S.K.: 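The structure follows.
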There are 2 protein chains.
Amino acid sequence: MSYERENIAKMAGYVPGEQPEDADVVKLNTNENPYPPPRAVMQALAGVTADQLRRYPNPTARKFREAAAKVHGVKPDEIIAVNGGDELLRLVVSTFVDPHQVVGYADPSYSLYPVLAAAQDAKVFRIPLDDDWHLPADYVEQLNRVGAKLAFVVNPHAPSGRLTPVNDLRRIAEGFAAGVLVIDEAYVDFVDPARKHDAVQLVRDGLDNVILLRSLSKGYSLAGLRFGYGIGSAKLIKPMLTKTKDSYNTDAISQALAVAAVTHKDQAAETWAAVREQRDRLCGELRGMGLEVAESQSNFILVTISGRSLDAQKTYEELKRRKILVRYFSVDPRLADKLRITVGSTVENDVLLRAIKELV
Amino acid sequence: MSYERENIAKMAGYVPGEQPEDADVVKLNTNENPYPPPRAVMQALAGVTADQLRRYPNPTARKFREAAAKVHGVKPDEIIAVNGGDELLRLVVSTFVDPHQVVGYADPSYSLYPVLAAAQDAKVFRIPLDDDWHLPADYVEQLNRVGAKLAFVVNPHAPSGRLTPVNDLRRIAEGFAAGVLVIDEAYVDFVDPARKHDAVQLVRDGLDNVILLRSLSKGYSLAGLRFGYGIGSAKLIKPMLTKTKDSYNTDAISQALAVAAVTHKDQAAETWAAVREQRDRLCGELRGMGLEVAESQSNFILVTISGRSLDAQKTYEELKRRKILVRYFSVDPRLADKLRITVGSTVENDVLLRAIKELV
């Protein structure tokens with residue numbers, strides 16, 4: 001007999017991007033930061049003791065929450081530390097959405113959202129983005145019409161890189177009174193500082209139905225560490241912190257390294273500037289080849305390959321044959337002629353640009 | 001308005017044991033191993049590179065699963081790596097138990113079980129243990145009568161330390177055909193090797209409704225690392241591995257350290273022998289003081305304090321005043337006259353024994 005719950009048996013799991021073990025591969029498929037983690041993080045790693053490993057960690061990563069609260073100008077009770085941003089995405093679904101209730105999100109976006117909804121036996125409601133990847137003007141009305149309990153907005157959007165301004169998010173949060181708005185800011189560190197984008201202001205302003213997701217994976221070059229955090233009203237954070245998260249969800253090493261990371265944000269910010277510079281260069285050169293590239297505020301770009309000698313899928317395959325990995329989303333018709341390419345180091349981008357020039 | 005699900009709003013969270021930051025405290029309350037982690041683990045820690053942190057880890061901890069499979073004589077597909085044993089306990093509930101279905105367990109046992117059931121909006125069915133902490137003879141019949149979908153057995157039992165033989169577990173698994181039997185072996189490393197206890201044999205024998213939980217927290221002195229694993233039929237492991245666990249649930253550092261740990265089990269086994277020796281000594285000396293101590297195969301002992309100058313709660317408080325932390329379970333009437341005391345190092349046990357001699 002089968003022991004799985006029916007919804008679990010029926011659902012498909014999330015498929016992570018390819019993680020080749022071949023060190024030769026130019027890996028531009030999973031949006032890792034091409035530069036190393038902050039020096040302070042490596043120093044914290046060298047300072048981890050046997051006794052820190054032997055004993056249980058602080059169950060809520062208290063020191064990290066205090067450090068992050070200081071960085072963002074909020075209270076420690078408005079922060080939850082998580083074992084990678086994906087944990088927070090699971091927690092918001094399992095804490096705020098009953099089975100058979102509705103989770104809404106813009107389409108396309110992170111393919112994990114429907115997986116988490118299916119595991120909770122919840123329904124999903126997909127709201128197609130406008131042609132240029134804007135949220136539709138009636139996003140809130142659509143959410144309210146179906147009685148959504150939770151909505152996700154990735155900002156900057158993936159896979160396009162488009163940034164929704166804070167005031168638009170504020171209008172969504174205010175209009176979505178019956179539900180929780182989760183703003184997935186996994187890539188927000190790469191936004192041009194000239195934009196003065198700061199969605200934490202929504203929490204500081206007391207909007208009690210907003211949770212922001214932050215991750216150390218990209219901005220702090222720590223995808224291997226699995227550490228992220230949520231920022232939101234204490235009312236939303238508390239049930240996750242005290243009831244639904246695993247009792248010791250983050251470990252002693254990652255807590256120590258995460259404190260070092262956010263305390264030395266300036267060191268990570270050096271990589272953000274370098275990524276932005278390379279992003280501008282990639283966009284410029286690809287557009288110079290006549291390719292369409294969406295305006296990106298993230299560490300990846302979405303490139304349209306159409307009317308060329310190779311289509312997007314063939315280009316993906318040919319790049320892979322040359323040991324250059326990018327992301328191709330085969331199932332989504334709106335993405336069928338596009339490639340999502342992580343902004344790599346100068347050398348990696350050199351290799352990529354040369355290959356694309358030859359291929360398409 | 002409140003955004004929490006009703007079952008979450010109503011439930012109480014798990015309360016972890018006290019984790020004082022005062023280094024002077026003799027900490028015998030949360031069953032940490034008093035000896036350091038294996039040397040090989042500290043060597044692996046020193047070998048962690050910036051690039052391992054920068055990139056995503058293997059999503060299923062493949063190398064660890066291969067190493068653990070070799071140690072236990074099972075296949076890698078019969079192993080799931082988890083971010084601390086508590087993650088596996090959550091996963092079995094969320095994967096195999098629908099809301100309103102029943103989770104059964106012996107009472108008293110790990111106070112996290114009802115918390116996980118409540119978060120899933122499942123019901124719990126508590127089966128009182130016999131007076132000497134044996135599972136009642138009709139354990140399976142009781143589970144089947146209420147239609148339980150999942151049952152937990154902690155073995156060795158906590159907080160008594162009693163070991164249930166493998167053949168008794170086999171009879172339970174065979175009789176519990178409609179549900180999944182989770183055998184929580186968090187403390188199994190401390191069982192006397194003369195007992196030749198090996199519950200993995202149930203999985204090797206093809207019993208497809210059994211999952212064993214193993215943890216590196218106690219046996220490998222790695223409570224701070226948050227790393228555990230499940231052993232079970234591929235049929236039970238697969239949905240958790242590919243659908244319900246977070247996409248990258250264990251990080252690159254913990255995977256590397258966990259491989260080192262299980263590959264150098266012999267180094268950890270030195271601490272198991274030392275703990276057993278100290279356990280025998282503690283039991284002997286406390287019984288010599290006329291105190292009743294349950295027969296323990298774990299790294300803690302359950303001591304009855306009754307008919308003495310101080311009762312159990314007062315003894316707990318007086319010990320705490322002397323900076324010796326032990327565990328007192330105030331809510332359970334069967335445990336009201338008892339203390340659970342972790343087996344510490346020789347010096348810690350000296351301090352404890354001297355204090356108890358003076359107090360009770």
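Quick caveat, the model's predicted, so the values are computed rather than measured. First the proteins, then the strands, lettered A, B, ... as listed; each starts at 1.
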S.K.: Considering only heavy atoms, which portion of B/L236 lies under 4.5 Å from any heavy atom of chain A: side chain, backbone, both, or neither?
M.R.: side chain
S.K.: Just wondering, more than 12 heavy atoms not from A/K238 lying within 6.0 Å of its NZ?
M.R.: no
S.K.: For A/E4, what residues pass the salt bridge (charged side-chain N to carboxylate O under 4.0 Å, His left out) criterion, not counting sequence neighbours?
M.R.: B/K243
S.K.: Chain B contacts: which residues in residues 48-58 of chain A have a non-hydrogen atom closer than 4.5 Å to it?
M.R.: A/V48, A/T49, A/A50, A/Q52, A/L53, A/R54, A/R55, A/Y56, A/P57, A/N58
S.K.: Which answer fits B/D121, side chain, backbone, both or neither, if we ask what part of it has an atom under 4.5 Å from a heavy atom of chain A?
M.R.: neither
S.K.: Would you say the side chain of A/D98 lies within less than 4.5 Å of the side chain of B/N7, judging by non-hydrogen atoms?
M.R.: yes
S.K.: Quick one: what part of B/A9 sits under 4.5 Å from any heavy atom of chain A, side chain, backbone, both or neither?
M.R.: backbone
S.K.: Does any heavy atom of chain A fall under 4.5 Å from the side chain of B/A46, the backbone, both, or neither of them?
M.R.: neither
S.K.: When only pairs under 4.5 Å are counted, which of A/P99, A/S221, A/G13 shares the most heavy-atom pairs with chain B?
M.R.: A/S221
S.K.: Relative to chain A, which segment of B/P59 carries a heavy atom at a distance below 4.5 Å: side chain, backbone, both, or neither?
M.R.: side chain
S.K.: Looking at A/Q101, A/R5, A/R90, A/E32, which one has more heavy-atom pairs under 4.5 Å with chain B than the rest?
M.R.: A/R5
S.K.: Among A/V180, A/V97, A/I211, whose side chain to side chain contact (heavy atoms under 4.5 Å, CB included) with B/Y3 holds?
M.R.: A/V180
S.K.: Is it the case that more than 12 heavy atoms not belonging to B/K235 sit under 6.0 Å from its NZ atom?
M.R.: yes
S.K.: Any chance you could measure B/D246, atom CG, to A/L89, atom CG, to the nearest 0.5 Å?
M.R.: 9.0 Å
S.K.: Which bit of B/Y35 is near chain A, if near means a heavy-atom gap under 4.5 Å: side chain, backbone, both or neither?
M.R.: backbone
S.K.: Please classify the contact of B/R62 with chain A as side chain, backbone, both or neither, using a heavy-atom distance under 4.5 Å.
M.R.: side chain
S.K.: In terms of heavy-atom pairs under 4.5 Å, which option from A/S217, A/G17, A/S247, A/A252 contacts chain B the most?
M.R.: A/S247
S.K.: Against chain A, label B/L257 side chain, backbone, both or neither, depending on which of its atoms sit under 4.5 Å from a heavy atom there.
M.R.: side chain
S.K.: I'd like to know whether A/L45 forms a side-chain contact (heavy atoms from CB on, under 4.5 Å) with B/L45, so could you lay out the CA-CA distance, the side-chain angles of the two residues, the decisive distance to 0.1 Å, and finally the verdict.
M.R.: CA-CA 8 Å; A/L45 178 62; B/L45 179 62; 3.9 Å; yes
S.K.: B/A119, B/P36, B/G179: which one forms the most heavy-atom pairs within less than 4.5 Å of chain A?
M.R.: B/G179
S.K.: Heavy-atom pairs under 4.5 Å with chain A are the metric here; pick the option from B/A12, B/S2, B/A178, B/G84 that has the most.
M.R.: B/A178
S.K.: What distance do A/I253 atom CD1 and B/I253 atom CD1 have between them, rounded to the nearest 0.5 Å?
M.R.: 5.0 Å
S.K.: Under a 4.5 Å heavy-atom cutoff, which of A/I8, A/N33, A/V115 has the most pairs with chain B?
M.R.: A/I8
S.K.: Using the test ring-ring contact (aromatic ring centres under 6.0 Å, His included), find all partners of B/Y14 that sit at least two apart in sequence or belong to another chain.
M.R.: B/Y110
S.K.: Against chain B, work out which of A/L112, A/T244, A/D208 has the most heavy-atom pairs shorter than 4.5 Å and name it.
M.R.: A/D208
S.K.: Which bit of B/T95 is near chain A, if near means a heavy-atom gap under 4.5 Å: side chain, backbone, both or neither?
M.R.: both
S.K.: Side chain, backbone, both or neither: which part of A/T30 has an atom under 4.5 Å from a heavy atom of chain B?
M.R.: both
S.K.: What part of B/Q120 lies closer than 4.5 angstrom to a heavy atom of chain A: side chain, backbone, both or neither?
M.R.: side chain
S.K.: Could you tell me which of A/A118, A/S254, A/P34 has the largest number of non-hydrogen atom pairs under 4.5 Å with chain B?
M.R.: A/P34
S.K.: Examine whether an atom of B/M11 lies under 4.5 Å from a heavy atom of chain A, and if so say whether it belongs to the side chain, the backbone or both; otherwise answer neither.
M.R.: both
S.K.: Can you tell me which residue among B/R226, B/E87, B/Q19 is in a side chain to side chain donor-acceptor pair (under 3.5 Å) with A/Y248?
M.R.: B/Q19
S.K.: Tell me, please, which residues at least two apart from A/F64 pass ring-ring contact (aromatic ring centres under 6.0 Å, His included).
M.R.: A/F227, A/Y229
